Undergrad: 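If you scroll down you'll find the structure; I have some questions about it.
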Amino acid sequence: QVQLVESGGGLVQAGGSLRLSCAASGRTGSSDHLAWFRQTPGKEREFVAAISWTGGNTLYADSVKGRFSISRDNAKKTVYLQMNSLKPEDTAVYYCAADRSPVAVRTTPGYWGQGTQVTVSS
């Protein structure tokens, strides 16, 4: 079992920045790949970014490339999502996800956090 708890969401003006955190506990040590997804009402959850368990490989959705940065601290079992140059269309509930498969973590992860709301005002 893996438990994931997100934090850091909130309200920010367009052009601003936020950093989300996700603390992992349970089974996972450093060997889980981690990812961020987001969802708005009436839409499917969409992939945002993923990072390998070593931290050496990252992947981003085109919509956030160049603005968002994913990182992890394995000693703290925490993954971060630094979000810069935020746009109103980035408004969503952001979810942390974990899986031991690098493919599954960005498509159908086995573990999800409860989500944290990010609202970007224009």
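Bear in mind the structure is a predicted one, so any value in this text is a computation, not a measurement.
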Undergrad: Search all heavy atoms of Ile51 against all heavy atoms of Ser71 and return the closest pair with its distance.
TA: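 Heavy atoms only, the tightest pair is CD1-CA, 3.7 Å.
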
Undergrad: If I take atom SG from residue Cys22 and atom CZ from residue Arg72, how far apart are they, to the nearest 0.5 angstrom?
TA: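 The SG atom of Cys22 sits 10.0 Å away from the CZ atom of Arg72.
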
Undergrad: So, the side chain of Arg67 versus the backbone of Ser85: is there a donor-acceptor pair under 3.5 Å, distance only?
TA: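 Present.
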
Undergrad: Shortest non-hydrogen contact from Ile70 to Ala35?
TA: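 Heavy atoms only, the tightest pair is CD1-CA, 4.4 Å.
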
Undergrad: Restricting to non-hydrogen atoms, name the atom on Pro109 and the atom on Trp112 that form the minimum distance, rounded to 0.1 Å.
TA: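 Shortest heavy-atom separation between Pro109 and Trp112 comes out as CG-CZ2, 3.4 Å.
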
Undergrad: Ignoring hydrogens, what is the shortest heavy-atom contact between Lys43 and Gln39? Give both atom names and the distance.
TA: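 So the minimum-distance heavy-atom pair works out to O-NE2, 3.0 Å.
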
Undergrad: Under 4.5 Å between any side-chain heavy atoms of Val79 and Cys96, yes or no?
TA: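 Answer yes - side chains close enough.
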
Undergrad: Count I, L, V, M, F, W, Y as connected when their side-chain heavy atoms are under 4.5 Å apart, and connections chain through other members. Are Trp36 and Val64 then in the same cluster?
TA: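 As far as the 4.5 Å side-chain criterion goes, Val64 and Trp36 are connected within one cluster.
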
Undergrad: If you measure only the distance, is there a donor-acceptor pair under 3.5 Å linking the side chains of Asn84 and Ser17?
TA: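 Yes - a donor-acceptor pair under 3.5 Å links their side chains.
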
Undergrad: Return yes if some donor-acceptor pair links the side-chain N/O of Asp99 with the main-chain N/O of Ala104 below 3.5 Å, else return no.
TA: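 Checking the backbone N and O of Ala104 against the side chain of Asp99, no donor-acceptor pair under 3.5 Å is found.
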
Undergrad: With a 4.0 Å cut-off, would you call Lys87 and Asp90 a salt bridge?
TA: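 No.
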
Undergrad: Kindly indicate, with the supporting measurements, whether the criterion side-chain contact (heavy atoms from CB on, under 4.5 Å) is fulfilled by Val120 and Gln13.
TA: CA-CA 5 Å; Val120 184; Gln13 288 188 331; over 6 Å; no

Undergrad: Looking at side-chain heavy atoms only, is the closest gap between Phe47 and Thr107 below 4.5 Å?
TA: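 Contact flag for Phe47/Thr107 side chains = no.
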
Undergrad: Taking the side chain as everything from C-beta on, heavy atoms only, tell me whether Leu20 gets closer than 4.5 Å to Tyr80.
TA: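 With C-beta onward as the side chain, the pair stays apart.
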
Undergrad: Quick check, are the ring centers of Tyr95 and Phe37 under 6.0 angstrom apart?
TA: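 Centroid distance Tyr95-Phe37: not below 6.0 Å, so no.
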
Undergrad: Scan side-chain atoms only and decide if Tyr94 and Arg38 contain a donor-acceptor pair under the 3.5 Å cut-off.
TA: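 There is such a pair between these side chains.
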
Undergrad: When you measure from the side chain of Asn74 to the backbone N and O of Lys77, does any donor-acceptor pair fall under 3.5 Å?
TA: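 A pair under 3.5 Å: no.
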
Undergrad: Answer yes or no: is there a side-chain heavy-atom contact under 4.5 Å between Val118 and Leu18?
TA: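 Yes, at least one pair of side-chain atoms sits under 4.5 Å.
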
Undergrad: Closest heavy-atom contact between Thr40 and Thr91?
TA: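 Looks like CG2-O, 3.0 Å.
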
Undergrad: So do the side chains of Glu6 and Gln114 get within less than 4.5 Å of each other, counting heavy atoms only?
TA: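 Sidechains of Gln114 and Glu6: in contact.
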
Undergrad: Look only at the side chain of His33 and the backbone of Trp53, and say whether a donor-acceptor pair between them is shorter than 3.5 Å.
TA: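 Yes, His33 side chain to Trp53 backbone: donor-acceptor pair under 3.5 Å.
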
Undergrad: Can you give me the closest heavy-atom contact between Leu81 and Val48, atom names plus distance?
TA: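 Between these two residues, the closest heavy atoms are CD2-CG1, 4.2 Å.
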
